[in-house]
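Protein chains get the first letters and strands the later ones, always in sequence-line order, with residue 1 at the start of each.
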2 protein chains.
Amino acid sequence: MNYTINEVARKFGLTAHTLRYYDKEGLLPFVERTPSGNRTFTEDDLNWIALICCLKDTGMPIKEIKSYSERALKGTETIEERKRMLMEHRMEVVRQMEKLQENLKLIDDKIGFYNDPANIPLMEERLKRK
Amino acid sequence: MNYTINEVARKFGLTAHTLRYYDKEGLLPFVERTPSGNRTFTEDDLNWIALICCLKDTGMPIKEIKSYSERALKGTETIEERKRMLMEHRMEVVRQMEKLQENLKLIDDKIGFYNDPANIPLMEERLKRK
DNA sequence: GCTTGACTTAGAGTTAACTCGAAGCGATAT
DNA sequence: ATATCGCTTCGAGTTAACTCTAAGTCAAGC
């Protein structure tokens with residue numbers, strides 16, 4: 001019922017190298033080993049990795065994810081700290097979404113500009129005539 | 001009516017170093033110099049830099065922004081290519097927004113999980129009891 | 001005329017996050 | 001029993017995007 005490192009890598013679009021790197025950096029503190037020393041991943045580990053990937057993909061640095069992981073390992077006494085970390089990061093993600101909206105608007109404006117033939121004489125490359 | 005490199009840096013939250021790096025990498029092909037050799041930025045340059053920053057902040061690599069800039073420098077014959085580049089990148093930005101929504105949802109679920117005292121016995125650190 | 005401050009260049013150094021290579025071990029297939 | 005496969009570790013190498021240093025120029029103020 002458990003998964004090998006390569007099965008997990010495939011599931012998350014990572015490489016085994018990357019998973020080992022995350023493990024070494026302290027992001028996967030729960031992962032156990034088979035008698036022969038190979039990492040073996042449970043369903044719970046997959047859920048944990050999904051959260052780790054989510055935090056990483058939203059720009060949380062490895063070091064901060066590590067500190068979050070360490071708190072999880074410490075036990076229930078750190079629940080409030082962990083919640084605070086996630087709520088703070090949540091605000092950061094909301095800021096990213098707002099910035100992305102703005103940037104999408106700028107790109108759309110530029111595409112719109114290219115779409116209007118009336119703008120051709122105003123193209124950037126023309127603006128530097130001596 | 002023109003701006004110095006440090007004024008521009010301040011406006012965009014960059015450093016003069018970074019702007020020179022962008023210039024060296026071919027991202028600012030229109031920027032002219034004063035008689036003494038200093039870069040001098042026009043309003044048009046500011047608009048251009050705003051677009052560059054937008055592309056960079058939405059994950060377009062410097063090399064691709066360079067290739068976009070080179071096309072702009074080439075003239076109106078490249079308008080269609082540039083429009084295609086922006087439209088392709090636009091789709092990428094939309095994908096980023098969708099992914100960000102998903103990730104936000106996962107974070108919210110986790111915060112909700114921490115908020116419900118009934119979940120305390122299910123916390124990650126408990127899931128590894130032997 | 002000398003100092004100060006903002007600019008210039010080339011090129012070296014830094015950082016985060018991988019990414020890879022080498023050497024080796026343990027379980028299965030011939 | 002030997003080859004192969006998938007894993008192991010350690011540590012070095014890579015990449016993108018800066019980030020900084022050193023040495024120097026130029027214009028303005030005292």
Side-chain angles (χ1 to χ4, degrees), chain A residues 1-42 45-46 49 51-69 89 92 96 99 103, chain B residues 1-42 45-46 49-70 89 92 96 99 103:
Chain A
M1 262 321 25
N2 282 15
Y3 305 90
T4 69
I5 196 165
N6 275 305
E7 285 166 352
V8 177
R10 211 170 317 113
K11 267 181 208 294
F12 286 96
L14 304 170
T15 66
H17 278 305
T18 303
L19 279 169
R20 282 188 211 105
Y21 165 69
Y22 288 168
D23 194 9
K24 189 164 60 177
E25 294 299 315
L27 271 46
L28 312 176
F30 309 125
V31 176
E32 304 204 338
R33 303 299 183 106
T34 63
S36 57
N38 292 5
R39 288 171 188 81
T40 183
F41 296 79
T42 65
D45 291 334
L46 297 194
I49 293 168
L51 180 62
I52 293 308
C53 287
C54 164
L55 295 177
K56 186 207 55 164
D57 290 345
T58 50
M60 187 183 282
I62 299 285
K63 278 189 185 175
E64 199 175 334
I65 303 178
K66 177 193 177 135
S67 123
Y68 177 83
S69 302
H89 186 64
E92 174 52 33
Q96 284 178 37
K99 193 80 185 62
N103 283 330
Chain B
M1 263 318 23
N2 282 16
Y3 304 90
T4 69
I5 196 166
N6 275 303
E7 284 165 351
V8 177
R10 212 171 314 113
K11 267 181 210 292
F12 286 96
L14 305 169
T15 67
H17 277 307
T18 304
L19 279 170
R20 282 190 210 104
Y21 165 68
Y22 288 168
D23 193 9
K24 190 163 60 177
E25 293 301 314
L27 271 47
L28 312 178
F30 308 125
V31 176
E32 303 205 339
R33 303 300 182 106
T34 63
S36 57
N38 292 6
R39 287 172 188 81
T40 184
F41 297 79
T42 65
D45 291 335
L46 297 194
I49 293 169
L51 180 63
I52 292 309
C53 286
C54 164
L55 296 177
K56 186 206 56 165
D57 290 344
T58 50
M60 186 183 283
I62 300 286
K63 277 188 186 177
E64 200 176 334
I65 302 178
K66 177 193 177 135
S67 124
Y68 177 82
S69 302
E70 280 165 350
H89 186 64
E92 174 53 33
Q96 284 178 37
K99 194 79 185 59
N103 283 330

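- Interatomic distance, CD1 of B:Ile49 versus CG of B:Leu19, reported as 5.5 Å (0.5 Å rounding).
- Atom C1' of nucleotide D:dA17 and atom CD of B:Glu64 are separated by 16 Å, given to the nearest angstrom.
- Among the atoms of the strands shown, none is found under 4.0 Å from any heavy atom of B:Thr34.
- Of all non-hydrogen atoms in B:Phe41 and B:Leu28, the two that sit nearest each other are CE2-CD1, 4.5 Å.
- A:Tyr21 has its side chain within reach of A:Ile62: a pair of non-hydrogen atoms, C-beta onward, lies under 4.5 Å apart.
- Residues from residues 53-63 of chain A placing a heavy atom under 4.0 Å of any atom in DNA chain D do not occur.
- A donor-acceptor pair under 3.5 Å is formed between the side chain of A:Glu7 and the backbone N or O of A:Thr4.
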Pull out every protein N or O sitting under 3.5 Å from an N or O of nucleotides 27-30 of chain D, one pair per line with the distance.
none

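- Shown here for A:Gly26 and A:Ser69, the closest heavy-atom pair between the two residues is O-CB, 3.4 Å.
- Whole-Å rounding puts the B:Asn38 CG to C:dG5 P distance at 17 Å.
- Summarising the geometry of B:Ala16 relative to B:Ala9, their closest heavy-atom pair is N-CB, 3.7 Å, with the distance given to 0.1 Å.
- Per the geometry, CZ belonging to B:Arg39 stands 17 Å off P belonging to D:dT25, to the nearest Å.
- Applying the ring-ring contact (aromatic ring centres under 6.0 Å, His included) criterion to A:Tyr68, with sequence neighbours excluded, gives A:Trp48.
- As rounded to whole Å, 9 Å separates atom C1' of D:dT8 from atom CD1 of A:Ile5.
- For the segment residues 9-27 of chain A, the set of residues with a heavy atom within less than 4.0 Å of an atom of DNA chain C comprises A:His17, A:Thr18, A:Tyr21, A:Tyr22, in numerical order.
- What separates CZ of A:Arg33 from P of C:dG26 is a distance of 14 Å, to the nearest Å.
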Let me check something: any side-chain donor-acceptor pairs from residues 50-60 of chain B under 3.5 Å, sequence neighbours excluded? List them with distances.
residue	atom	partner	partner atom	Å
B:Lys56	NZ	B:Tyr22	OH	3.4
B:Thr58	OG1	B:Cys54	O	2.8
B:Thr58	OG1	B:Leu55	O	3.0
B:Thr58	OG1	B:His89	NE2	2.7

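- Judged as a ring-ring contact (aromatic ring centres under 6.0 Å, His included), and not counting sequence neighbours, A:Tyr3 has no contacts.
- A straight line from CG of A:Asn2 to P of D:dG6 spans 19 Å, rounded to a whole angstrom.
- Between the P atom of C:dC18 and the CG atom of A:Leu28 lies a distance of 12 Å, rounded to the nearest Å.
- At least one donor-acceptor pair closer than 3.5 Å links the side chain of B:Asp45 to the backbone N or O of B:Thr42.
- Here the shortest heavy-atom pairing between B:Thr40 and B:Val31 reads O-CG1, 3.9 Å.
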